[in-house]
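Structure, as structure tokens:
Letters A, B, ... are given to chains in the order of the sequence lines, protein chains preceding strands, and every chain is numbered from 1.
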2 protein chains.
Amino acid sequence: MPTELTLYEALRNRLIGGEFEAGQRLKSETLRHDYDVSASTIRETLFRLSTVGLVDSLEQRGFRMPEQSTELRTDLTRTRIMLESEGACLSVRHGDVAWEARLTAAHHELKHIESRLRADDESQTLLKLWADAELKFHRTLIDECRSNLLKEFHLQVFYRFRQQFVTTDREFGFVPENVEQHQSILNAVLSRDEALIRARILEHLSRNLQEDQP
Amino acid sequence: MPTELTLYEALRNRLIGGEFEAGQRLKSETLRHDYDVSASTIRETLFRLSTVGLVDSLEQRGFRMPEQSTELRTDLTRTRIMLESEGACLSVRHGDVAWEARLTAAHHELKHIESRLRADDESQTLLKLWADAELKFHRTLIDECRSNLLKEFHLQVFYRFRQQFVTTDREFGFVPENVEQHQSILNAVLSRDEALIRARILEHLSRNLQEDQP
DNA sequence: TTTGATTAAAATTACGAAATTCTCTATATT
DNA sequence: AATATAGAGAATTTCGTAATTTTAATCAAA
């Protein structure tokens, strides 16, 4: 049981879990009591979270949950498409059969949770499991790209993506199309067709794009 | 007169300016005296710098200048190629004549400094000017890509790139080829040929790639 | 001479409190 | 009624200190 979360991880999970409203103030004076630490420690953690965009930091005005915006969601989606496509194609070039196996395993677990979710899409525990499994699948997808920077950026974008969409989209995550789309991505990877991989990732994420410009 | 630098910016400039050696300890107890602030304030700033990779943070062992490594330099170079190519191509699609003008202006200033540097490549003031001008040129190149995330990531990579290469490569920046290469990039942009732009950026940065794998 | 242990010094981390800044409400004015 | 002002209260930021941990330095033993 991983109860050994750092303060950073604990706060991050709450920030991307839809607990706070967009624009809501995050008072270190209040948050300190949830973890029984001093205000300085909370402040430090909030500062670190602000450098990866999960918290907005205003000079002399403390910290806030980031605002919602269509522009940001579009940017996050496009950037995720770029990083994930690039990472997946590089992984296909460098990855061996063991990587294919790991990706297949991650997909299998994800599929299992998604099918259970179709029966009961209210269960909070299932939703938690789904969130972890989906992250695992998408991270495994780019795992063999041989660029730590790309992986760090992807993770950063992934968290902010979650944060923006979880609170907006009530049906975030468990749309039935996802199940087929994840399967399509896996198939594309196993066929090692880079153009197809890019197309499938684009297809999977493009439903989050609501824009005027092409 | 920009003497109004924040502590963060001041420290960042020193970290990418080649003042510290790789792996060197950055003692908050020592640094606090340079700015006449408390150790906590320095600590906080070092923490923020560590989240963007400009400082290494070791649990209970303080902060250090990041180590040199060929792997990191390769990663930084490749990632910069990816972000800068993508950003430049997007800018070409979205940017108007005013952007072309700004890029041409930035290149003109850079060229001027580079030519002066050929006569006197020891001058520290010229080197400072060159560093600013080169950053300006490469940032303007991707300025109209319409993705704040891409621009943030690019800036982050650019700073770490500087940090890694400045301390290694004594001749960093003022190799004569740079002058022609910057010109080539500008020409490619003005011709609006995306494949050519990518090729020129790759050409410009690939001399920093020393690798076995293809 | 090298290795290992012990001790002293120095540094990092966490905390609590003072000082500055902002926020909110009540009151006065146009 | 709407706007502006003033003051009390709350929150943020900075600082100095105490406690824990690491680093180094000294000395003894192989």
Side-chain angles (χ1 to χ4, degrees), chain A residues 2-17 19-69 160 163 167, chain B residues 2-17 19-69 160 163 167:
Chain A
T3 180
E4 287 293 343
L5 260 62
T6 64
L7 185 58
Y8 181 92
E9 293 164 335
L11 262 176
R12 185 199 58 204
N13 289 347
R14 294 175 70 183
L15 285 163
I16 65 172
E19 177 177 335
F20 306 109
E21 309 231 339
Q24 181 183 338
R25 291 190 62 176
L26 305 164
K27 306 182 196 174
S28 29
E29 195 55 39
T30 308
L31 288 167
R32 59 174 297 193
H33 297 296
D34 299 347
Y35 303 97
D36 198 38
V37 293
S38 81
S40 320
T41 310
I42 289 283
R43 176 184 157 78
E44 180 177 286
T45 307
L46 287 172
F47 244 124
R48 289 166 63 193
L49 285 161
S50 77
T51 62
V52 294
L54 253 26
V55 166
D56 264 11
S57 143
L58 298 90
E59 187 83 14
Q60 302 281 19
R61 287 190 199 181
F63 303 93
R64 287 171 194 274
M65 181 82 173
E67 293 290 346
Q68 308 263 21
S69 90
R160 293 183 68 179
Q163 184 182 53
T167 42
Chain B
T3 181
E4 286 293 344
L5 260 62
T6 65
L7 185 58
Y8 182 92
E9 292 164 336
L11 262 175
R12 184 199 59 204
N13 289 347
R14 294 175 70 182
L15 285 164
I16 65 173
E19 176 176 336
F20 305 108
E21 309 229 341
Q24 180 183 337
R25 291 191 62 179
L26 304 165
K27 305 182 196 173
S28 29
E29 196 54 41
T30 308
L31 288 168
R32 59 174 296 192
H33 298 296
D34 299 347
Y35 303 97
D36 197 39
V37 292
S38 81
S40 319
T41 310
I42 289 284
R43 176 185 157 77
E44 180 178 285
T45 307
L46 287 172
F47 244 123
R48 289 166 63 193
L49 285 161
S50 76
T51 63
V52 293
L54 253 27
V55 166
D56 263 12
S57 145
L58 298 90
E59 188 82 16
Q60 301 281 19
R61 286 190 199 182
F63 303 93
R64 284 168 195 275
M65 181 82 173
E67 293 291 345
Q68 309 263 24
S69 92
R160 294 183 68 179
Q163 184 181 53
T167 43

State which of dT12(C), dT13(D), dT12(D) makes the closest approach to the side chain of Glu29(B). dT12(C)

Distance check needed: [N] [atom2] versus [X] [atom1], whole Å only.
X        : N       : atom1 : atom2 : value
Leu26(B) : dT13(C) : CG    : C1'   : 17 Å
His33(A) : dG16(C) : NE2   : C1'   : 13 Å
Gln24(B) : dA11(C) : CD    : P     : 14 Å
Ile42(B) : dT14(D) : CD1   : P     : 11 Å
Tyr35(A) : dA14(C) : OH    : P     : 16 Å
Lys27(A) : dC24(C) : NZ    : C1'   : 11 Å
Asp36(B) : dC15(D) : CG    : C1'   : 12 Å

If we count only N and O atoms by modelled type, under 3.5 Å, do the side chains of Thr51(B) and Thr51(A) hold a donor and an acceptor together? yes

Please list each protein N or O that sits under 3.5 Å from an N or O in nucleotides 16-25 of chain D, with the distance.
from: dG16(D); atom 1: O6; to: Ser40(B); atom 2: OG; distance (Å): 3.2

OP1 or OP2 of dA14(C) sitting under 4.0 Å from any side-chain N/O of Arg43(B)? yes

Looking at Thr41(A), I'd like to know whether one of its side-chain N or O atoms comes within less than 4.0 Å of OP1 or OP2 on dT13(C). no

In this structure, which one of Leu5(B), Thr45(B), Ile16(B), Thr6(B) forms a side chain to side chain contact (heavy atoms under 4.5 Å, CB included) with Leu11(B)? Thr45(B)

Trace of the side-chain contact (heavy atoms from CB on, under 4.5 Å) decision for Arg12(B) with Leu49(B): CA-CA 7 Å; Arg12(B) 184 199 59 204; Leu49(B) 285 161; 4.1 Å; yes

Roughly how far, to the nearest 0.5 Å, is the CD atom of Glu21(B) from the CD atom of Gln68(B)? 9.5 Å

Between atom CD of Glu44(B) and atom CZ of Phe47(A), what is the distance when rounded to the nearest 0.5 Å? 4.5 Å

When you compare the protein's N or O atoms with those of nucleotides 5-7 of chain D, which come within less than 3.5 Å of each other, and at what distance?
none

Is the number of heavy atoms from other residues, nucleotides or ligands within 6.0 Å of CZ (Arg14(A)) greater than 12? yes

